[in-house]
Engineer: 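Have a look at this one.
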Amino acid sequence: MAIEVRIPTILRSYTGGAKVVDGSGDTLADLLTDLDSRHGGLRGRLITETGTLHRFVNVYVNDEDVRFLGALDAKLSDGDSVTILPAVAGGAFGFAAAAAISSHSAAAISSHSAAAISSRSAVAAR
């Protein structure tokens with residue numbers, strides 16, 4: 001049974017740089033075990049210590065999300081295509097940008113408040 005597995009760039013160091021590898025197995029769990037026997041360490045990057053898929057890894061069998069097909073118990077057939085994709089999020093840059101905007105807004109408000117207080121003090125002193 002041959003199953004084509006598309007490997008994302010971040011995991012290609014485990015496959016010797018290969019974008020696509022072949023594997024076999026009746027289920028996704030079997031396939032990952034088979035792949036790990038030839039590409040040591042790959043399975044560990046996809047499966048948690050408790051034996052589930054990492055939440056930041058998306059796996060598709062023939063363009064169907066395995067989370068809706070039984071996750072690691074998803075059935076596979078000869079000729080299937082499996083795609084592994086790391087999840088993408090805003091990350092630290094998004095938080096840094098939000099913090100910068102927030103602190104800029106706070107500084108601008110403080111600056112305007114200080115100017116208003118200074119103006120009122122000057123008017124009161126006259």
Side-chain angles (χ1 to χ4, degrees):
M1 176 193 300
I3 299 167
E4 177 185 86
V5 182
R6 294 186 189 111
I7 307 295
T9 304
I10 191 110
L11 296 177
R12 289 182 190 158
S13 62
Y14 294 95
T15 62
K19 295 178 183 181
V20 177
V21 296
D22 287 330
S24 64
D26 293 328
T27 65
L28 181 59
D30 295 339
L31 173 67
L32 295 178
T33 299
D34 177 60
L35 290 177
D36 199 58
S37 71
R38 286 181 276 136
H39 308 287
L42 184 61
R43 186 176 190 279
R45 296 293 305 230
L46 305 173
I47 307 296
T48 67
E49 291 179 5
T50 60
T52 60
L53 281 172
H54 277 290
R55 63 186 176 108
F56 55 81
V57 175
N58 298 311
V59 180
Y60 299 89
V61 174
N62 302 323
D63 299 324
E64 299 262 347
D65 190 331
V66 297
R67 285 170 171 55
F68 300 107
L69 299 174
L72 292 172
D73 294 327
K75 299 293 182 199
L76 300 176
S77 300
D78 190 35
D80 279 348
S81 176
V82 173
T83 303
I84 301 168
L85 291 174
V88 179
F93 178 76
F95 289 116
I101 291 168
S102 175
S103 65
H104 174 71
S105 298
I109 291 169
S110 295
S111 166
H112 291 300
S113 297
I117 291 169
S118 179
S119 294
R120 285 187 213 136
S121 297
V123 170
R126 290 187 197 161

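In what follows, every heavy atom counts, from backbone to side chain, and hydrogens, waters and symmetry copies are set aside.
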Engineer: Ile47 versus Leu72: any side-chain heavy-atom pair under 4.5 Å?
Structural biologist: yes
Engineer: How far does OG1 of Thr33 sit from CG of Leu28, to the nearest 0.5 angstrom?
Structural biologist: 9.5 Å
Engineer: Report, as yes or no, whether the 6.0 Å neighbourhood of atom CD1 on Ile10 holds more than 12 heavy atoms from other residues, nucleotides or ligands.
Structural biologist: no
Engineer: Hey, what do you get for OG1 (Thr83) to CG (Asn58), rounding to the nearest 0.5 Å?
Structural biologist: 11.0 Å
Engineer: Determine whether Val59 and Leu46 make a side-chain contact, defined as any pair of heavy atoms from C-beta on separated by less than 4.5 Å.
Structural biologist: no
Engineer: Please assess His39 against Leu11 for the test side chain to side chain contact (heavy atoms under 4.5 Å, CB included), listing each intermediate value before the final yes or no.
Structural biologist: CA-CA 10 Å; His39 308 287; Leu11 296 177; over 6 Å; no
Engineer: What residue among Val66, Ile3, Asp26, Leu69 forms side chain to side chain contact (heavy atoms under 4.5 Å, CB included) with Leu76?
Structural biologist: Ile3
Engineer: Quick check: do Leu42 and Leu32 have side-chain heavy atoms less than 4.5 Å from each other?
Structural biologist: no
Engineer: When rounded to the nearest 0.5 angstrom, what distance separates NZ in Lys75 from CG in Asp80?
Structural biologist: 12.5 Å
Engineer: Could you report the tightest heavy-atom contact between Arg67 and His54, atom names first, then the distance?
Structural biologist: NH2-O, 3.2 Å
Engineer: Using a distance-only test with no angle check, is there a side-chain donor-acceptor pair under 3.5 angstrom linking Asp30 and Thr27?
Structural biologist: yes
Engineer: Test your reading of the model: is there a side-chain donor-acceptor pair from Arg38 to the backbone of Asp22, 3.5 Å cut-off?
Structural biologist: yes
Engineer: Are any of the side-chain heavy atoms of Ile7 and Lys19 separated by less than 4.5 Å?
Structural biologist: no
Engineer: With hydrophobic residues grouped by side-chain heavy-atom distances under 4.5 Å, do Leu53 and Phe56 end up in a single group?
Structural biologist: yes
Engineer: Is there a donor-acceptor pair closer than 3.5 Å between any side-chain N or O of Asp65 and the backbone N or O of Tyr60?
Structural biologist: no
Engineer: How long is the span from the CG atom in Asp36 to the CG atom in Leu31, to the nearest 0.5 Å?
Structural biologist: 11.0 Å
Engineer: Any non-hydrogen side-chain atom of Arg12 less than 4.5 Å from a side-chain atom of Thr9?
Structural biologist: yes
Engineer: Counting only N and O atoms by type, is there a donor-acceptor contact under 3.5 Å from the side chain of Asn62 to the main-chain atoms of Ser81?
Structural biologist: yes
Engineer: Using modelled atom types only, decide if a donor and an acceptor are shared between the side chain of Asp34 and the backbone of Ser24 within a distance under 3.5 Å.
Structural biologist: yes
